[in-house]
Every structure is written in structure tokens, then in C-alpha cells.
Participant: 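My questions will all concern the structure given below.
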Amino acid sequence: MKITVLLENATPSSRFIAKHGLSLLLDAATAAGPCRILFDVGPDESMLANARALGVDVAAVDAVVLSHGHADHGGGLAAYLEATSAADRRAPIYVRADAFVPHASGAVAQRHAIGLDGALAMHPRLVKTDTINVLAPGLTLFSDVARAHAEPSSNSRLFDEREGCWQPDHFAHEQSLLVQEGEHTVLIAGCAHAGILNIMDRAEELAGRPLDAVVGGFHLMSPSAGTVEDPEAVRALAHELGRRGARYYTFHCTGLAAYSILRDELGDRVQYLCCGSSVEV
């Protein structure tokens, strides 16, 4: 499977726009044939500009997945819908039902909105997903993740609005994608708010075998607080990731500070992907 990063936090090239957010193009070979998936759309129209620079036609994808209801991953939805409204084939957009409830970040006195545009919640191209959805043979969206391992500490600053008041976000609106190409299994995660180890456990349970590759943000930094995960916690995560047989490709909310620790511990088994980069996994 080929992964192309259409947008994330960093870029080494003046050709691309880097912003806090994420958008990936996935080229998968499923049992039903080739499938192109746009996984997240970034915070605004910047993903579209980067796609043009790469010669990518985002209107030609087979499906769009929003990993969760935060604006850095889905704020570009309106721009994407407008840009593809005249396309001959308009790809369905898979999203969890709770993705469009209000979401916020920060301490009580400084809380700010980070959710999606509620005006788009009933758009006809949206497909509301269940806890498990098979998009095609070998492509499974899932959100039913148990929490046996630690979750990112920055989750404590994240909230959603339920029953008329702000409550700690339990991330029922988060989903990940399991890709199975023959005997090769790849996990695609957005921010891994449920904890990347927990998501890996569920993906391996669904696949019936260990993962070969994990592509995702690990949420080891908090942009609203300007903090990073405790270094010892990052080393503990690296130790557990090292016990498993996968290779790791990360970006965005992992943060460069945490990535440097992961790289120290895991060596070339972990790689940071920036705007415009492509990798075969």
C-alpha cells in the first residue's frame, strides 16, 4: 500500500503548505481491486493546494474517511465538498455519528472550540458509521476500542458537549482503518486518542494476526497547552511498540520532540512522514 501525505504539521519544501492537521492519500490493493481513500482532509483548503502541487486529483478517490470530529482533521470538509461538487463520481464520506457534536480544548477559563462545522452534519454525501464497517474486502473501519493501555495524557484537556454541558471526551467519534492486502496488515489511525496500543490491539483482533505496519499520529503533544508527553511515558510506549513486530510511520500530533525519543528507542523501525512524502508500507 502506498501512503502519500497531503498535509501535516511540517514540510521540507516550499512547494507545500504545512499546518497543524492531517490528510493522507491511501492507495490500497484490495481483493476487489485497487482502492484510493482520502483519510482526513486537514483544517482548511490547504490540503487541496498540496494535492494540486503533487498532481493528485482528490475528486477521483473511492472514499473519504474522517478519523474524528476535530477541525485539524475535518475542518477542510467544506472546501473539499465544494471542490468536488461537480465531479462525475462523488465519493462517500465516512464519519462517526458523534463527530459533529461540539468539541472543545483547554482549561475551563480558556476553552476554545475545535469541532467540525455543524452545518455540514446532514450533508447527503456523509455516511454515518457503526462501530465496525467493511468498506470493501480488506478495508475495515472500526471504533470499538477497549482501553487496556494508557491513553494520551492530553486527552484530559479535551471535551465534548453532551446533555447541554461540557464533559470529558471519550472519543466515541474516533475511528481507525484496518487495511488487509493478502497477508499484509496495516493500521491507519488519525490521532489515536484511544491510545495507539489499544487501537493496535483491536486491529490485531480483527485481523486475526499481528500488524505489519502502523501509520498514524500518537498524540504525544498538546498544541493548546504547548506541552509534550512525559519522556518516560514516551520511552515506555516505545518499549511496548518495540515488542511488537510492526514498522511505524508517524506525523502530526506525535510531535517532533516525542518522535526523537521514539527514534532513539526504535531506530529505523519508526519514520516521520511530512507534507509531500510518500512511502510504500
Participant: Using side-chain contact (heavy atoms from CB on, under 4.5 Å) as the criterion, list what pairs up with S156, not counting sequence neighbours.
Facilitator: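 Per chain and number, S156 pairs via side-chain contact (heavy atoms from CB on, under 4.5 Å) with no residue.
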Participant: For atom CD of E82, is the number of surrounding heavy atoms from other residues, nucleotides or ligands below 6.0 Å larger than 12?
Facilitator: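 At most 12 heavy atoms, drawn from other residues, nucleotides or ligands, come within 6.0 Å of this atom.
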Participant: State whether D62 and R89 are salt-bridged, where the test is any N-O pair (Lys NZ or Arg NE/NH1/NH2 against Asp/Glu carboxylate O) under 4.0 Å.
Facilitator: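 Yes.
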Participant: Have S278 and T4 got a donor and an acceptor in their side chains that come within less than 3.5 Å?
Facilitator: yes
Participant: For H123, I'd like to know if atom NE2 has over 12 heavy atoms of other residues, nucleotides or ligands within 6.0 Å.
Facilitator: yes
Participant: Between the side chains of R244 and E204, is the shortest nitrogen-to-carboxylate-oxygen separation below 4.0 Å, so that they form an ion pair?
Facilitator: yes
Participant: List the steps and the verdict of salt bridge (charged side-chain N to carboxylate O under 4.0 Å, His left out) for D98 and K128.
Facilitator: CA-CA 9 Å; D98 290 344; K128 304 297 175 61; over 6 Å; no
Participant: Give a yes or no answer on whether the side chain of R147 reaches the backbone of N198 with a donor-acceptor pair at less than 3.5 Å.
Facilitator: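 Such a contact is absent between R147 side chain and N198 backbone.
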Participant: Testing V186, V179, L26 for side chain to side chain contact (heavy atoms under 4.5 Å, CB included) with V215, which one passes?
Facilitator: V186
Participant: Between the side chain of D40 and the main-chain N/O of S67, is any donor-acceptor distance below 3.5 Å?
Facilitator: yes
Participant: Strictly below 4.0 Å, N to O, side chains only: are D57 and R36 in salt-bridge contact?
Facilitator: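 No, this pair does not count.
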Participant: Please work out whether the ring planes of H252 and H73 are parallel, tilted or perpendicular, with thresholds of 30° and 60°.
Facilitator: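 Aromatic pair H252/H73 classed perpendicular.
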Participant: Look at the rings of H193 and H70 and say which category their plane angle falls in: under 30° parallel, 30 to 60° tilted, over 60° perpendicular.
Facilitator: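 Correct class here is perpendicular.
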Participant: Flag the pair D144 / R202 as yes when at least one side-chain heavy-atom distance between them is below 4.5 Å, and no otherwise.
Facilitator: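 Counting from C-beta outward, D144 and R202 do come under 4.5 Å.
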Participant: Check whether Y248 forms a cation-pi arrangement with R269 (NZ or CZ under 6.0 Å from the six-membered ring centre, at most 45° off the ring normal).
Facilitator: no
Participant: For the residue pair H68 and H103, is the inter-centroid distance of their aromatic rings smaller than 6.0 Å?
Facilitator: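 Aromatic pair excluded; centres sit 6.0 Å or further apart.
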Participant: For a quick check under 3.5 Å, do Y259 and Q271 share a side-chain donor-acceptor pair by atom type?
Facilitator: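 Per modelled atom types, Y259 and Q271 side chains form no pair under 3.5 Å.
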Participant: For R162 and P168, indicate whether the former's side chain and the latter's backbone hold a donor-acceptor pair under 3.5 Å.
Facilitator: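 It does hold such a pair.
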Participant: Do H219 and T254 have a side chain donor and acceptor closer than 3.5 Å?
Facilitator: no
Participant: My understanding is that only residues two or more places apart in sequence, or in another chain, count here; which of them pass side-chain contact (heavy atoms from CB on, under 4.5 Å) with E280?
Facilitator: K2
